[in-house]
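Lettering of chains follows the sequences in order, A, B, ..., and the numbering in each one begins at 1.
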2 protein chains.
Amino acid sequence: MRATSIKDVASHAGVAVGTVSNVLNYPDRVAAKTRGRVLNSIAELGFVRNDVARQLRAGQSRSIGLIVLDIGNPFFSSLARAAEDAAAEGGNAVVLGNSGHDPQRELHYIDLFEEQRVQGVLISPTGDIGKRLAALAGRGTKVVLVDSPAGTGEFSSVSVDDTSGGYLATKHLLDLGRRHIAFVAGPQHFHQVRDRLAGAAQAVAEVAGATLEVLQAGDLTVLAGRSVGDELVSRDRAALPDGLFCANDLLALGVMQSVTMLHTLRIPKDMALVGYDDIDFAASAVVALTSIRQPTALIGRTAVELLAEQLEDPEAKPRSVVFRPELVVRASTAG
Amino acid sequence: MRATSIKDVASHAGVAVGTVSNVLNYPDRVAAKTRGRVLNSIAELGFVRNDVARQLRAGQSRSIGLIVLDIGNPFFSSLARAAEDAAAEGGNAVVLGNSGHDPQRELHYIDLFEEQRVQGVLISPTGDIGKRLAALAGRGTKVVLVDSPAGTGEFSSVSVDDTSGGYLATKHLLDLGRRHIAFVAGPQHFHQVRDRLAGAAQAVAEVAGATLEVLQAGDLTVLAGRSVGDELVSRDRAALPDGLFCANDLLALGVMQSVTMLHTLRIPKDMALVGYDDIDFAASAVVALTSIRQPTALIGRTAVELLAEQLEDPEAKPRSVVFRPELVVRASTAG
DNA sequence: CCGTATCAATGAATCGATTCAAAGGAATTG
DNA sequence: CAATTCCTTTGAATCGATTCATTGATACGG
């Protein structure tokens with residue numbers, strides 16, 4: 001049982017294959033009467049165009065490869081959704097690859113996508129794959145780096161300025177009149193954590209009399225945040241920071257939990273609190289959490305657009321777009 | 001600048017195209033010496049097999065279409081990841097479609113996937129697309145329904161038994177000796193809400209003296225849960241349920257927030273609390289939340305397996321797999 | 001009525017990999 | 001040495017849609 005092809009349609013309608021093709025691609029090249037007959041046959045036979053054959057002829061597929069570190073992470077699922085939306089607008093589909101931080105799988109997907117002749121690859125790299133990507137690009141497949149520094153400028157890229165985010169959060173605390181700032185850090189091998197701290201330090205340096213303390217959390221989780229919170233609660237009132245900036249929302253929520261549970265410190269009166277990422281739960285926490293929002297959707301959309309740019313003009317120089325994160329003020333700093 | 005093809009490799013290595021193809025697909029049909037020469041040429045020219053051409057010849061692609069309601073929802077992103085893992089094991093890729101509950105977009109993706117001749121479509125349907133799916137299947141593309149009742153048994157399907165989940169949650173509360181159970185419902189047009197309530201009712205009916213009250217929340221969100229919590233806190237102690245089962249974790253967390261904030265009711269002593277979905281935040285709530293876990297990863301994997309089953313034996317009868325959700329006991333019911 | 005311009009329709013060639021019948025060559029056997 | 005078997009390699013045919021030079025038909029102007 002072979003699927004019906006353009007040939008079947010042609011013979012059923014009593015025309016040549018080229019005519020059927022024209023009906024599908026350039027309807028007004030075909031006389032109305034003929035077009036009607038062909039469309040009838042298509043409906044009658046339940047013909048569905050074989051895009052594989054079309055792609056072979058065209059030498060171009062209608063899909064874009066997207067390789068993310070972890071699709072279970074809201075950052076990437078939101079990004080994927082946006083990319084997928086933007087691609088759909090251009091009539092393209094997104095093929096998803098989840099590397100799960102595994103360089104092996106990452107390479108596997110690059111291979112797969114190259115064989116499938118995707119138009120381009122949007123990738124949030126995990127391994128050291130500069131060479132592989134260069135080879136890929138050398139053979140004509142466009143590459144856009146996502147949530148990753150631009151590197152050598154060889155490829156277009158989209159990223160978010162974490163230093164600026166750290167600055168923004170800390171400046172906000174300082175603007176509220178807080179002077180004893182503490183940064184709750186996660187593991188320092190995450191470049192995000194380092195950059196956010198750098199931004200915080202910069203903001204503090206600009207204000208005379210402001211101090212910055214670094215509290216090291218073991219992890220970027222709610223639990224780790226809770227133990228930082230416990231430590232804070234047990235301190236002398238005088239030794240307390242009056243402004244707390246956490247490396248991500250999970251830490252901030254953990255701190256908030258331990259603090260509100262014991263009822264010894266009031267947020268934001270005694271201590272103002274800022275998180276990072278603006279996850280869905282930030283808004284619905286016991287005390288709604290001020291946070292730094294990353295424009296995930298915009299990142300995904302921009303990645304697709306940068307790709308489109310490269311496809312339209314293969315000679316175009318790669319572009320790097322760096323987004324500025326955004327401060328979202330809520331109750332945890334509203335006092 | 002055309003990409004290098006099998007022909008280029010053949011002439012470079014001084015063999016026929018068929019031989020190159022054999023090296024790629026049946027290496028031991030080719031003499032070691034020849035094979036070596038061909039592999040050399042492949043490496044030298046940087047040849048990458050064009051999967052589009054291969055697919056055309058084979059009449060079969062190496063991809064699976066996945067259409068979900070919302071990839072931003074952790075349920076679906078986890079499902080997608082698992083599907084994608086399972087597909088990768090079989091050497092296949094997953095093409096992602098996000099319908100966003102929009103029947104229009106859903107149809108668009110079905111069309112796209114059929115044109116791309118995907119091996120099969122895994123779909124969590126939103127619109128009334130029985131006919132479209134039947135047509136699709138009639139032309140040879142396999143269909144597996146995901147997180148959706150089996151319907152007429154025309155297609156294979158994977159789903160979770162929400163009634164059983166509701167029963168499980170409520171039975172757990174009853175087993176703890178609680179007798180005044182309340183169910184916090186969301187909008188009743190979600191079949192999940194209805195089924196969970198039905199399960200709860202069933203469990204209550206089995207225990208003499210147990211009562212079931214239904215509290216209607218306007219939404220399945222933390223905020224809606226918080227107003228239900230406020231209402232509970234304002235009640236006479238005597239009128240309080242001692243066991244509360246919420247239609248999902250967000251509601252449960254909302255209730256928990258308002259209750260712990262006011263410190264009038266203790267969880268689980270005064271009121272035991274059970275949620276549904278076991279989202280990541282359930283475990284890290286102020287009082288760790290007992291919940292009903294849905295095996296999202298297993299659902300995704302099983303969907304791919306059911307598809308594989310259909311592909312291997314096109315005559316095989318569609319199968320429906322129904323998973324039983326699982327009770328995860330934590331502090332909110334541990335007393 | 002002829003020449004020309006316009007519009008439709010045709011169908012062979014093409015994309016690149018796979019398949020498979022056929023041929024070539026080496027080795028084995030009687 | 002001829003016959004047979006086994007192992008390699010060959011290359012035309014194929015998948016299905018698109019392209020484009022060519023043909024055929026019609027209309028129009030002079």
* To the nearest 0.5 Å, what is the distance between CZ (B/Phe113) and CG (B/Leu122)? -> 9.5 Å
* Salt bridge check: are A/Asp111 and B/Arg49 linked by an N-O gap of less than 4.0 Å? -> no
* Does A/Arg301 come within less than 4.0 Å of A/Glu89, counting only side-chain N to carboxylate O? -> yes
* Asked: Is the backbone N or O of B/Ala53 less than 3.5 Å from a side-chain atom of B/Asn50, with the two atoms forming a donor-acceptor pair by type?
  -> yes
* Asked: Hey, can you pull the residues of residues 39-56 of chain B with a non-hydrogen atom under 4.0 angstrom from DNA chain D?
  -> B/Leu56
* Structure fact -> Bounded by its outermost nucleotides with an atom under 4.0 Å from a heavy atom of chain A, the footprint on DNA chain D reads D/dG16 to D/dT19
* Asked: Is the backbone N or O of A/Ala137 less than 3.5 Å from a side-chain atom of A/Thr141, with the two atoms forming a donor-acceptor pair by type?
  -> no
* **Residues, nucleotides or ligands: over 12 heavy atoms within 6.0 Å of A/Arg105 CZ** => yes
* Asked: Under a 4.0 Å heavy-atom cut-off, which of residues 8-33 of chain A touch DNA chain D?
  -> A/Gly18, A/Ser21, A/Asn25, A/Tyr26
* Structure fact -> Of B/Arg117 and B/Arg57, the one whose nearest nucleotide on DNA chain D sits closer to the 5' end is B/Arg57
* Structure fact -> Taken in chain and number order and not counting sequence neighbours, the residues that satisfy side chain to side chain donor-acceptor pair (under 3.5 Å) with B/Ser320 are B/Ser157
* Please answer whether the main-chain N or O of B/Val68 pairs with a side-chain N or O of B/Ser99 as donor and acceptor at a distance below 3.5 Å. => yes
* Listed by chain and number, what are the salt bridge (Lys or Arg N to Asp or Glu O under 4.0 Å) partners of A/Asp162, not counting sequence neighbours? -> A/Arg196
* Asked: Using the C1' atoms of five pairs at each end, what's the angle between the two axes of the helix from C/dC1-D/dG30 to C/dG30-D/dC1, to 10 degrees?
  -> 60°
* Does the B/Asn22 side chain pair with the main chain of B/Val30, one donor and one acceptor, at a distance under 3.5 Å? -> no
* So, A/Asp70 and B/Arg81, do they make that salt bridge, N to O below 4.0 Å? -> yes
* Between CG on residue A/Asp85 and CD1 on residue B/Ile71, distance to nearest 0.5 Å -> 11.5 Å
